[in-house]
Amino acid sequence: MTTLKVVVLGAGYVGLVTGLCLAKLGHYVEIADVQAARIERLCRGEAPFYEPGLQELLGECLAAGTVRFSHGLRYRLDAEVALIAVGTPALPNGAADVSAVFTATSELAELLPKGSIIAIKSTVPIGTARKIREVLRRSKRSDLGVASVPEFLREGSALHDVFNPSRTVIGLDDERWRDILLELHEGLNAPCVITNTVTAEMIKYASNAFLATKISFINEIANVCARVGADVSQVAAAMGLDPRIGPHFLQAGLGYGGSCFPKDTRALTTMADELGYEFLLLKAVVEVNSRQRRLPLSFIEETLGTLDGKIVALLGVSFKPNTDDVRESPALDLYKAFRERGAHVRLCDPVVKTVYPFLEEDVRVEGDPYVVLSGAHAAVLVTEWHQFIELDWARAVRSMQQPIIFDGRNALDADELARQGAIVANVGRLVGVFA
Ligand code: UGA
């Protein structure tokens, strides 16, 4: 395998995990970030966020001497490949803010040796790679290549996904850098799609939009199931047996959250709007997703009569299990909605320690579910952490003032909870009836 010298700009999920993966594959990698505190932690060998296996991989790569961290680019000024993996957060109109991508480009234009390639891993609006080429041309750096190499990793299984990708997508408008990009991905056994940069950028948005569509679709089916007395879990399982449909991303629940689907679906509809095309389907997907999050609210309010002064326990704060990421988590919306109606809300999560700055600084996150459930009038399972699924629910139900439980992920044994005396609801699934 050819060993390459690589710099990665951005030590977030994508940059850090991809950089460490490349270091593990044998490349020499420098990972740079503008957050000095994050870099200090990484230099000490401390993973800056919770991701299974990350701490160990970091230690391994530091010990092998194949990775270095820097606040601003310092070491790898001889890089052959520069990966841009900085954040592209949403602007108020839904479009992605690419200012950090262009700042990174300007820095690289000053530092990179002749003939290197800048490969964009961040999710960027379609056409960004071509704009970057134009910036480089104006800075008299047309010798640098530009590629789009979108990332498909999921939080919570990021290491597995990076080492076992379903595909590698390489977008290039100039064939000269084809071989070096193939060398970069050499250790990964995955089908490789080589295309132009615009198509590669679209592949990323289309993939996330399609997955989000599957989720909103099954949630709509679930809501109809609830009205006709059908069981959405069985519907999804049977649908998934058709290979044209497939079993994945058909888990009904409180909808999608996280830093990707909400942002990317809105960015794609905004992009289409700006081009004079209304992406009706995707707009509905977004709408369905925000409506879905509020399901527990109406159920609990109707069952209790009022939420004023009632204690509601939210089990799960991260947007999905195995991560401490709370960005666009349904728990944050539910917290605000229950509070607006006068309820006291208790938050519980096995790894999330704080919800600041997404909620006020003094909002506490408890680690022990028995503590938050004790004396509560109602509970919502927001995130399907195994710690919650495996609770001693008989004990938990006994400790509640009123055992009203909304299973927002269809992960609990609803019939068993009902036998324990709880009033249970979930998303489009039957309770107490053999379907
Ligand atoms: C997603 C994509 O799955 C990755 O391929 C992509 O690289 C990433 O976005 C990105 O663009 O960076 P991620 O947001 O980490 O990854 O998490 P997912 O596992 O896709 O889950 C997203 C949300 O959908 C979660 O809130 C999850 O609870 C929800 N979901 C997922 C469902 O409600 N039902 C399902 O059947 C599956």
Side-chain angles (χ1 to χ4, degrees), residues 10 12-18 49-52 85-90 96 120-124 149-162 164-169 190 200-222 232-233 235-237 239-240 245-268 285-286 288-293 295 316-334 381-385 407-411 426-428:
Y13 268 99
V14 171
L16 183 57
V17 176
T18 314
F49 45 80
Y50 177 81
E51 179 65 36
V86 295
T88 52
I120 307 159
K121 276 245 161 249
S122 308
T123 302
V124 290
V149 287
E151 181 51 58
F152 301 100
L153 67 81
R154 292 162 298 175
E155 292 182 21
S157 55
L159 270 59
H160 172 270
D161 293 348
V162 170
N164 307 279
S166 51
R167 74 283 206 197
T168 300
V169 174
E201 289 163 341
M202 187 54 163
I203 289 170
K204 173 66 190 184
Y205 277 106
S207 301
N208 276 2
F210 184 71
L211 292 169
T213 303
K214 276 188 105 173
I215 298 169
S216 280
F217 178 83
I218 201 64
N219 283 335
E220 289 278 70
I221 293 288
V232 72
S233 302
V235 172
M239 283 171 66
I245 298 173
H248 305 293
F249 278 68
L250 289 178
Q251 175 64 49
L254 296 181
Y256 56 79
S259 62
C260 306
F261 288 172
K263 173 172 79 76
D264 295 349
T265 45
R266 282 197 292 262
L268 187 51
V285 165
V286 173
V288 166
N289 196 57
S290 44
R291 191 174 66 181
Q292 195 67 12
R293 295 175 165 208
L295 283 187
V317 180
S318 59
F319 80 98
K320 66 174 193 175
N322 296 321
T323 176
D324 59 1
D325 195 342
V326 302
R327 286 175 289 178
E328 297 271 355
S329 170
L332 304 180
D333 281 354
L334 282 172
L381 179 78
V382 184
T383 318
E384 64 277 35
W385 282 99
D407 176 1
R409 295 294 171 185
N410 289 355
N426 48 34
V427 185

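Every number for a ligand or one of its atoms is a count from 1 in the order of the listing.
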Looking at ligand 1, is there an atom of it that comes within less than 4.0 Å of some heavy atom belonging to [X]?
X    : result
G257 : yes
K204 : yes
K214 : no
G258 : no
N208 : yes

query = For T123, is at least one N or O under 3.5 Å away from an N or O on ligand 1?
reply = no

task = Please determine if C260 has a nitrogen or oxygen closer than 3.5 Å to a nitrogen or oxygen of ligand 1.
result = no

Donor-acceptor under 3.5 Å ([X] side chain, [Y] main chain):
X    : Y    : result
D407 : N426 : no
T383 : S318 : yes
K204 : V169 : no
K320 : G258 : no
Q292 : L254 : no
E220 : V288 : no

task = Measure the acute angle between the ring planes of F261 and Y256, then classify it against the limits of 30° and 60° as parallel, tilted or perpendicular.
result = perpendicular

From the candidates [options], the one that places a heavy atom nearest [atom]:
atom                    : options                : value
atom 37 (C) of ligand 1 : F249, Y13, F152        : F249
atom 30 (N) of ligand 1 : I215, V382, V427       : I215
atom 21 (O) of ligand 1 : E328, E155, R409, K320 : K320

query = Going by atom types only, do Y13 and T323 share a side-chain donor-acceptor pair under 3.5 Å?
reply = yes

For [atom], what's the nearest protein heavy-atom neighbour? Residue, atom name and distance, please.
atom                    : value
atom 16 (O) of ligand 1 : R154 CG, 3.6 Å
atom 36 (O) of ligand 1 : Q251 N, 2.8 Å
atom 23 (C) of ligand 1 : Y256 CB, 3.6 Å
atom 1 (C) of ligand 1  : F261 CE2, 3.5 Å

task = Please tell me if the side chains of P321 and R409 come closer than 4.5 Å, counting only heavy atoms from C-beta onward.
result = no

key: With A209 via side chain to side chain contact (heavy atoms under 4.5 Å, CB included) - residues at least two apart   = L268, L282

Per-residue contact class, L153 against ligand 1 - non-hydrogen pairs under 4.0 Å = backbone

query = Near L250, which atoms of ligand 1 are under 4.0 Å from a heavy atom of that residue?
reply = 36 (O)

